[in-house]
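In what follows, every heavy atom counts, from backbone to side chain, and hydrogens, waters and symmetry copies are set aside. Whatever order the structure lists ligands and atoms in, that order sets their numbers, starting from 1.
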Amino acid sequence: MTDFDYSVKVLIVGDGGVGKTSLTRRFATGQFTKDYIQTIGVNLLSKVIEVKGEKMMLLLWDTGGQEKFRNLLPKYYEGGHCGLVVYDVTKPLTLKKCVWWVGEITKHCGKVPLILIGNKTDLERQVSTEEGRSVANSLGIPFIETSAKDQTNVEKAFSLLGEMFLENIKVRK
Ligand code: GTP
């Protein structure tokens, strides 16, 4: 017997080095490392959370964002229920690319709940909160700024995604 009500496939996408692995590890294991090891294909982690009295097993598909590994990605998207689209607040180009990342997920998974995440807020930023919010608004998705390093808003991002998943399921029922 499973001890959760839902099994949720969460896609974590965005350009290489924006902090997808760091956010996912911080959330699932509580750890952070300065080292950068490029993800090839996908890393899988999981965590059970409770949202509005419902237990859900989040299956965290942390994908590799480097250009050279990108042709591997579409096969990992299949069956994705929701996702985080991540950019680095010190790298404006990574925000611009989020429009493309959202398009990729939508192409492979349909219109699933997504959140735009501006990560690395502990560093000197090159992208303002307003710029991030404006891109999120134009995509019609929520926006949260995080730091995997100092833990700011990491739990909040994943639990909001859990809430959005539940809402989406209820609307579709
Ligand atoms: P790919 O696997 O290539 O797609 O990269 P990624 O998006 O998974 O990035 P990763 O989590 O590996 O982080 C890249 C680098 O940024 C590492 O050196 C991390 O320590 C660092 N990093 C990630 N998040 C933060 C953060 O919030 N603040 C700071 N200061 N550094 C961070």
Side-chain angles (χ1 to χ4, degrees), residues 8-47 49 58-109 112-133 135-136 139 141-162:
V8 185
K9 179 171 178 177
V10 180
L11 301 171
I12 297 115
V13 301
D15 279 6
V18 298
K20 298 177 298 296
T21 299
S22 303
L23 281 169
T24 309
R25 290 191 69 221
R26 174 60 97 185
F27 173 64
T29 70
Q31 293 166 347
F32 176 80
T33 157
K34 295 202 303 316
D35 304 334
Y36 175 28
I37 300 168
Q38 295 178 354
T39 302
I40 302 171
V42 70
N43 298 312
L44 288 174
L45 282 171
S46 68
K47 184 167 176 168
I49 63 167
L58 299 184
L59 305 169
L60 305 164
W61 289 59
D62 159 33
T63 62
Q66 290 290 344
E67 193 91 42
K68 55 185 176 245
F69 305 133
R70 228 164 257 174
N71 58 350
L72 298 171
L73 295 183
K75 61 172 162 296
Y76 299 122
Y77 294 148
E78 194 185 327
H81 294 114
C82 55
L84 300 180
V85 181
V86 186
Y87 70 95
D88 175 343
V89 300
T90 73
K91 297 206 168 71
L93 270 181
T94 65
L95 171 61
K96 288 214 169 77
K97 279 299 293 297
C98 285
V99 176
W100 181 83
W101 285 109
V102 168
E104 281 293 285
I105 300 287
T106 309
K107 186 163 89 191
H108 292 92
C109 305
V112 294
L114 299 174
I115 302 176
L116 182 68
I117 302 288
N119 185 45
K120 306 198 190 181
T121 54
D122 59 288
L123 297 177
E124 198 170 324
R125 63 165 72 231
Q126 303 293 324
V127 181
S128 69
T129 300
E130 291 66 34
E131 286 169 293
R133 186 169 294 122
V135 171
L139 290 165
I141 63 177
F143 171 58
I144 296 181
E145 289 188 322
T146 59
S147 165
K149 186 175 181 189
D150 70 16
Q151 307 198 42
T152 305
N153 286 340
V154 176
E155 293 274 339
K156 181 177 168 182
F158 284 95
S159 61
L160 174 61
L161 197 60

re atom 9 (O) of ligand 1, the protein heavy-atom contact at minimum distance is G19 N, 3.1 Å

Atom 11 (O) of ligand 1: closest protein heavy atom, distance to 0.1 Å, is S22 OG, 2.6 Å

The protein heavy atom nearest to atom 2 (O) of ligand 1 is T39 N, 2.8 Å

Inset, instruction - State whether the shortest distance between N or O atoms of V18 and N or O atoms of ligand 1 falls below 3.5 angstrom. - result: yes

Numbered in order shown, the ligand 1 atoms found under 4.0 Å of a heavy atom of N119 are 24 (N), 25 (C), 27 (O)

Atoms of ligand 1 under 4.0 Å from any heavy atom of K34, numbered from 1 in the order shown, are 17 (C), 18 (O), 20 (O)

| Within a strict 4.5 Å, meaning less than it, do heavy atoms of the V10 and W61 side chains meet? | no

Check: Looking at ligand 1, does any of its N/O atoms fall within less than 3.5 Å of an N/O of G16?
Finding: no

Ionic contact status for D15 with R70, cut-off 4.0 Å = yes

C98 and Y87 have their tightest heavy-atom pair at SG-CB, 3.7 Å

query = Is any side-chain heavy atom of I12 closer than 4.5 Å to a side-chain heavy atom of V86?
reply = yes

Atom 5 (O) of ligand 1: closest protein heavy atom, distance to 0.1 Å, is G17 N, 2.9 Å

Cation-pi check, K47 to F27: give yes when NZ or CZ is under 6.0 Å from the six-membered ring centre and within 45° of the ring axis, no otherwise. yes

Atom 12 (O) of ligand 1: closest protein heavy atom, distance to 0.1 Å, is Y36 CD1, 3.2 Å

Tell me whether T146 has any N or O atom under 3.5 angstrom from an N or O of ligand 1.
no

Any N or O of T121 closer than 3.5 Å to N or O of ligand 1: no

Near T33 (heavy-atom distance under 4.0 Å), the atoms of ligand 1 are 19 (C), 20 (O)

In this structure, CD of E145 is separated from CG of N153 (nearest 0.5 Å) by 8.5 Å

With sequence neighbours left out, the residues meeting side chain to side chain contact (heavy atoms under 4.5 Å, CB included) with L72 are I40, F69, K75, Y76

Numbered in order shown, the ligand 1 atoms found under 4.0 Å of a heavy atom of G64 are 4 (O)

Among non-hydrogen protein atoms, atom 27 (O) of ligand 1 lies closest to A148 N, 2.8 Å

For K20, the atoms of ligand 1 under 4.0 Å from one of its heavy atoms are 1 (P), 4 (O), 5 (O), 6 (P), 7 (O), 8 (O), 9 (O), 11 (O)

Note: ligand 1 atoms sitting under 4.0 Å from heavy atoms of Q66 are 3 (O)

Does ligand 1 have an atom under 4.0 Å from some heavy atom of F32?
yes

In this structure, atom 21 (C) of ligand 1 is nearest to the protein heavy atom K120 NZ, 4.0 Å

Taken to the nearest 0.5 Å, the spacing of L84 CG from L23 CG works out to 7.5 Å

Note: L123, heavy atoms under 4.0 Å from ligand 1, region reported as side chain

So OG1 of T94 and NZ of K120: to nearest 0.5 Å the spacing works out to 8.5 Å

Output for pair (W100 CH2, I105 CD1), nearest 0.5 Å, gives 9.0 Å

With heavy atoms and a 4.0 Å threshold, my read on which part of D122 contacts ligand 1 is side chain

Separation between CD1 (I144) and OG1 (T129), nearest 0.5 Å, reads 12.5 Å

**Report entry** Residue-ligand contact D35/ligand 1, heavy atom below 4.0 Å
**Finding:** yes

Taking only non-hydrogen atoms of G65 and a 4.0 Å limit, the atoms of ligand 1 in range are 1 (P), 4 (O)

Note to self: Can you see whether D122 engages S147 through a side-chain donor-acceptor pair at a distance of less than 3.5 angstrom?
What the structure shows: yes

dist L161:CG -> I115:CD1 (nearest 0.5 Å) comes out at 4.5 Å

